[in-house]
Amino acid sequence: MLFQNGALLTDLDVFENVAFPVREHTDLPEALIYKLGAHQAAGGGLRGAAGLMPGELSGGMARRVALARAIVMDPELLIYDEPFVGLDPISLGVILRLIKHMNEALGITSIVVSHDVHQLATIAHDSYLLSGGRVAAAGPPAQLRARRASDSAAVRQFMTGSEDGPVAFHYPAPDYAAQLFAAEE
């Protein structure tokens, strides 16, 4: 699981955060743990940051450390909770490429929970749009973007990011003009 905020252990440096699951769930010798942790850190571009503490990392670096920790045990399934939130364009691009590369090279199945429709479309094979606790639409991102006018207005609104549609953008309030004039009285 890759948590939205990374959930790094603040008292452990980068290397120890990456190696933590291996130490907790295996009896591997320290030399092998070192190699696994170093390999994962290097794959995320963090080889030189192995001794840094979480408080010394940028948001993108922290996300890459958390990603290295999430894959160090070679999972078959990886769940991402809003992995793109708060990332600068460079870090976002790196995370996108890492997710896509891991899916292809390692055969990992990824479930990415995100509101960033455009970024997901670059890596997703299938997307599921949830509304009201139910699947409102499912399919390849290109198919969801190409929905016809007869299809769900909520799906179209979500895919285009429009404020106009069945999903309210504005919190319910009295008429604005009436509210302004009432304040003058």
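Hydrophobic clustering, with ILVMFWY side chains joined whenever heavy atoms are under 4.5 angstrom apart, groups Leu28 together with Met73. Linking Ile, Leu, Val, Met, Phe, Trp and Tyr whenever their side-chain heavy atoms come within less than 4.5 Å leaves Leu106 and Leu77 in two separate clusters. Hydrophobic clustering keeps Ile108 apart from Ile79 (ILVMFWY residues linked when any side-chain heavy atoms are closer than 4.5 Å, directly or through intermediates). Each of Leu32 and Phe20 belongs to its own hydrophobic cluster when Ile, Leu, Val, Met, Phe, Trp and Tyr are linked at side-chain heavy-atom distances under 4.5 angstrom. The hydrophobic clustering, which links ILVMFWY residues whose side-chain heavy atoms are closer than 4.5 Å, places Leu92 and Ile123 together.
Interatomic distance, CD of Glu16 versus CG of Leu8, reported as 13.0 Å (0.5 Å rounding).
Heavy atoms from other residues, nucleotides or ligands lying under 6.0 Å from CD1 of Ile90 number 12 at most. By the neighbour-count criterion of 12 heavy atoms within 6.0 Å, atom CG of Asp175 is densely surrounded, having more than that number from other residues, nucleotides or ligands. Counting non-hydrogen atoms of other residues, nucleotides and ligands closer than 6.0 Å to CD of Glu76 gives a total of 12 or fewer.
In this structure, Arg69 contributes its side chain and Ala7 its backbone to a donor-acceptor pair below 3.5 Å.
Between Glu56 and Val14, the closest side-chain pair of non-hydrogen atoms is not below 4.5 Å. At least one side-chain heavy atom of Leu144 sits under 4.5 Å from a side-chain heavy atom of Leu129. At a threshold of 4.5 Å between non-hydrogen side-chain atoms, the residues Met61 and Leu52 count as touching. Looking at heavy atoms from C-beta onward, Ile99 lies out of side-chain contact with Leu78 at the 4.5 angstrom threshold. Phe84 has its side chain within reach of Leu120: a pair of non-hydrogen atoms, C-beta onward, lies under 4.5 Å apart. Side-chain atoms of Gln119 and Val112, non-hydrogen and from C-beta on, never get closer than 4.5 Å to each other. Between Ile111 and Tyr128 the shortest side-chain heavy-atom distance does not fall below 4.5 Å.
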| field | Step-by-step side-chain contact (heavy atoms from CB on, under 4.5 Å) determination, Leu98 to Leu67 | value | CA-CA 9 Å; Leu98 284 171; Leu67 182 55; 3.9 Å; yes

| request: Could you go through the side-chain contact (heavy atoms from CB on, under 4.5 Å) check for Ser114 and Tyr80 one step at a time? | output: CA-CA 8 Å; Ser114 179; Tyr80 300 82; over 6 Å; no

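Among all heavy-atom pairs drawn from Arg63 and Glu82, the shortest one is NH1-O, 3.7 Å. Shown here for Leu130 and Val135, the closest heavy-atom pair between the two residues is CD2-CG2, 3.7 Å. The two residues Met53 and Thr10 have their closest heavy-atom pair at CE-O, 3.5 Å. Between Val65 and Leu57, the shortest heavy-atom contact is CG2-CD1, 3.9 Å. Shortest non-hydrogen contact noted between Arg64 and Ile95 is CG-CD1, 3.6 Å. Heavy atoms only, all atoms of each residue included: Thr122 and Lys100 are closest at O-NZ, 3.7 Å.
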